Amino acid sequence: MVQWGSAIVTGAGSGIGRAIALRLGADGYAVLVNDLSGERAEAVASEIQRAGGAATAIAGDVARPEDVAAIHAAAKTSHGGDVALLVNNAGIAHQAAFENLELADFDRMFAVHVRGTFLMTKAVLPSMLARGEGVIVNVASQLGQIGGIELVHYSGAKAAIIGMTKALAREVSSRGVRVNAVAPGPINTPLVLGLSEEWRERKKRELPLGRFGEPEEVAATVAFLASPAASLFVGQTLGPNSGDVML
Ligand SMILES: NC(=O)c1ccc[n+]([C@@H]2O[C@H](COP(=O)([O-])OP(=O)(O)OC[C@H]3O[C@@H](n4cnc5c(N)ncnc54)[C@H](O)[C@@H]3O)[C@@H](O)[C@H]2O)c1
């Protein structure tokens, strides 16, 4: 097992984040498992430990500066030093026709996805720049590329993440920090399994691959972007999306 250093995965108590945390743990990272739900974060950290990896759980809301400071501090104290890899994955789903979209839902969507990515990145970037190395992977969505019906707030937040990824990559790559994103298509997680059977069947038929992705398949893309094999990938948005969006 190669020891890559320490990684933070936000929203890692479920779905894609959980799969990323498990994969990074198996790859030899010491993983700081964050989730809004401390119970879910603990369960995933225990899974990593049972598989022989190193992990620590911490509850926290990535939209709150004080929680972000605690998440960053926990990563440094638990895993002996600076963070090598940050995966900004925490996210929420909410759907509303634009006429019915409330300001509070719009604000929360941007708080979790955009403010959360901003705050977490602000926390870890200085030490990455000081060391001259580090990797950041942001979890966007194909709906940030093509838009989704009744998802102005979600699509807008995910498009913002793609823009932030490109802008930061331009700014810091020459100083040793690689920043990229993934924009998954429909993936079998609690978030998508909560949608209607009818929608899922219709969506499946639209996909060139004919099936939704599994969280582990997104985790494999993140693990690639984190690895030295992705040394030329800068400001990119990779699409593990069953062929739904082809750019
Ligand atoms: N499932 C899909 O089809 C799909 C497709 C494209 C993108 N995504 C994105 O992937 C990411 C993970 O989604 P998922 O499908 O695994 O969802 P999920 O609901 O299974 O998991 C999301 C996790 O994030 C946590 N979380 C929510 N708000 C948080 C906050 N403020 N701070 C910390 N943790 C928080 C939740 O508690 C939950 O455990 C999200 O950013 C989502 O937008 C999902």
Side-chain angles (χ1 to χ4, degrees), residues 8-23 32-45 47 57-72 74 86-95 105 107-120 123 137-148 151 153-162 164-165 181-195 199-200 203-204 206-207 209 211-219 221-222 237-242 244-245:
I8 298 177
V9 185
T10 66
S14 172
I16 293 170
R18 171 179 168 274
I20 294 169
L22 292 173
R23 169 65 191 262
L32 199 280
V33 180
N34 154 259
D35 202 276
L36 210 47
S37 155
E39 213 172 294
R40 281 204 293 266
E42 290 286 355
V44 173
E47 263 188 274
I58 183 163
D61 180 345
V62 295
R64 289 167 54 99
E66 54 276 36
D67 288 13
V68 168
I71 294 166
H72 186 218
L86 167 65
V87 183
N88 285 308
N89 164 81
I92 53 173
H94 174 261
Q95 200 165 4
D105 292 324
D107 282 346
R108 183 64 187 156
M109 191 61 77
F110 271 70
V112 175
H113 295 269
V114 182
R115 185 179 153 103
T117 297
F118 170 77
L119 289 173
M120 286 300 310
V137 180
N138 295 324
V139 179
S141 164
Q142 65 174 21
L143 297 174
Q145 298 169 313
I146 58 169
L151 290 168
H153 50 342
Y154 183 82
S155 296
K158 290 305 197 183
I161 288 174
I162 293 171
M164 288 160 77
T165 302
V182 293
I187 308 297
N188 285 320
T189 71
L191 186 144
V192 158
L193 294 170
L195 301 171
W199 179 86
R200 283 186 282 130
K203 188 71 207 170
K204 241 179 245 177
E206 277 173 32
L207 298 173
L209 204 57
R211 67 169 178 87
F212 286 10
E214 296 302 327
E216 293 70 24
E217 294 176 288
V218 180
T221 312
V222 172
T237 300
L238 299 193
N241 64 17
S242 307
D244 202 14
V245 173

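What you are looking at is a predicted structure, and each value in this text was computed from that prediction instead of being measured. Just so you know, ligand 1 is whichever comes first in the structure, and atom 1 is the first atom listed for that ligand.
Residue, atom and distance of the protein heavy atom nearest to atom 17 (O) of ligand 1 are Leu191 CD1, 3.3 Å. Closest to atom 5 (C) of ligand 1, if we only count protein heavy atoms, is Gly185 O, 3.2 Å. What sits closest to atom 14 (P) of ligand 1 on the protein, heavy atoms only, is Thr189 OG1, 3.7 Å. Shortest contact from atom 20 (O) of ligand 1 to any protein heavy atom: Ser14 OG, 2.6 Å. Nearest protein heavy-atom neighbour of atom 6 (C) of ligand 1: Pro184 O, 3.4 Å. Looking from atom 42 (C) of ligand 1 to the surrounding protein, the closest heavy atom is Tyr154 OH, 3.5 Å. In terms of protein heavy-atom proximity, atom 3 (O) of ligand 1 is nearest to Ile187 N, 2.9 Å. Scanning all protein heavy atoms for the shortest distance to atom 40 (C) of ligand 1 gives Asn89 O, 3.3 Å.
In this structure, CD in Gln142 is found 8.5 Å from CD1 in Ile187, a value given to the nearest 0.5 Å. Atom CG of Asn34 and atom CG of Asn89 lie 9.5 Å apart (nearest 0.5 Å). Between the CD1 atom in Ile16 and the CD atom in Glu216 there is a gap of 10.0 Å [rounded to 0.5 Å].
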Margin query: Val62 vs Asp67, test: side chain to side chain contact (heavy atoms under 4.5 Å, CB included). Steps then yes/no.
Written below: CA-CA 7 Å; Val62 295; Asp67 288 13; over 6 Å; no

Margin query: For a side chain to side chain contact (heavy atoms under 4.5 Å, CB included) check, start with the C-alpha distance between Thr237 and Val182, then their side-chain angles and the critical distance, and finish with the verdict.
Written below: CA-CA 5 Å; Thr237 300; Val182 293; over 6 Å; no

Next item on the list: Output, in order, the C-alpha distance, side-chain angles, deciding distance and verdict of side chain to side chain contact (heavy atoms under 4.5 Å, CB included) for Val192 and Lys203.
Entry: CA-CA 11 Å; Val192 158; Lys203 188 71 207 170; over 6 Å; no

Next item on the list: Assess whether side chain to side chain contact (heavy atoms under 4.5 Å, CB included) is satisfied between Val44 and Arg40, documenting all intermediate values.
Entry: CA-CA 6 Å; Val44 173; Arg40 281 204 293 266; 5.8 Å; no

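Put simply, the side chain of His94 never gets that close to the backbone of His153: no donor and acceptor are under 3.5 Å apart. In this structure, the side chain of Asp35 does not engage the main chain of Ala41 through any donor-acceptor pair within 3.5 Å. Between the side chain of Glu217 and the main chain of Glu214, a donor-acceptor pair closer than 3.5 Å is present.
Residue Pro186 approaches ligand 1 through these ligand atoms, each under 4.0 Å from one of its heavy atoms: 3 (O). The distance from ligand 1 to the heavy atoms of Val192 drops below 4.0 Å at these ligand atoms: 1 (N), 2 (C), 3 (O). If you number the atoms of ligand 1 from 1 as listed, the ones under 4.0 Å from a heavy atom of Gly15 come out as 16 (O), 20 (O). Set against the non-hydrogen atoms of Asn34, the atoms of ligand 1 under 4.0 Å away are 33 (C). Of all the atoms in ligand 1, the ones that sit under 4.0 Å from a non-hydrogen atom of Arg40 are 36 (C), 37 (O), 38 (C), 39 (O). Interface of Val112 with ligand 1, defined as ligand atoms under 4.0 Å from a residue heavy atom, comprises 28 (N), 31 (N). For ligand 1, the atoms sitting less than 4.0 Å from at least one non-hydrogen atom of Val139 are 9 (C), 10 (O), 11 (C), numbered in the order shown with element in parentheses. Here is the list of ligand 1 atoms found below 4.0 Å of a heavy atom in Ile92: 27 (C), 28 (N).
Ligand 1 has no atom lying under 4.0 Å from any heavy atom of Gly213. Between Arg108 and ligand 1 there is a heavy-atom distance shorter than 4.0 Å. At least one heavy atom of Pro190 sits less than 4.0 Å from an atom of ligand 1. In this structure, Gly60 counts as a contact residue of ligand 1, since one of its heavy atoms falls inside 4.0 Å of the ligand. Remark: distances from the non-hydrogen atoms of Lys158 to ligand 1 include one below 4.0 Å.
Looking at ligand 1, you'll find an N or O of Val62 within less than 3.5 Å of one of its N or O atoms. In terms of polar-atom proximity, defined here as any N/O pair under 3.5 Å, Ala63 makes no such contact with ligand 1. Checked by distance only, ligand 1 and Asp35 come closer than 3.5 Å through their nitrogen or oxygen atoms. Residue Gln142 has no nitrogen or oxygen atom sitting less than 3.5 Å from a nitrogen or oxygen atom of ligand 1, judged on distance alone. In terms of polar-atom proximity, defined here as any N/O pair under 3.5 Å, Ile16 does make such a contact with ligand 1.
Using modelled atom types and a 3.5 Å distance limit, the side chains of Thr165 and Asn138 yield a donor-acceptor pair.
Heavy atoms of His113 found under 4.0 angstrom from ligand 1 belong exclusively to the side chain. The part of Ala140 lying near ligand 1 is the backbone, judged by heavy-atom distances below 4.0 Å. Contacts of Thr10 with ligand 1, taken as heavy-atom pairs under 4.0 Å, are absent altogether.
Nearest heavy-atom pair across Ser141 and Lys158 is CB-CG, 3.7 Å. Closest approach of Gly213 to Ser242, counting heavy atoms only: N-OG, 3.9 Å.
Inter-residue side-chain proximity for Val9 and Val33 is flagged as unmet; no heavy-atom pair is nearer than 4.5 Å. Side-chain atoms of Met120 and Ile71, non-hydrogen and from C-beta on, do get closer than 4.5 Å to each other.
Counting non-hydrogen atoms of neighbouring residues, nucleotides and ligands closer than 6.0 angstrom, the CZ atom of Phe118 reaches no more than 12 such neighbours. A 6.0 Å sphere centred on CD of Glu66 holds more than 12 heavy atoms belonging to other residues, nucleotides or ligands.
The heavy atom nearest to atom 26 (N) of ligand 1, considering only Ser141, Gly91, Ala19, Gly116, is found in Gly91.
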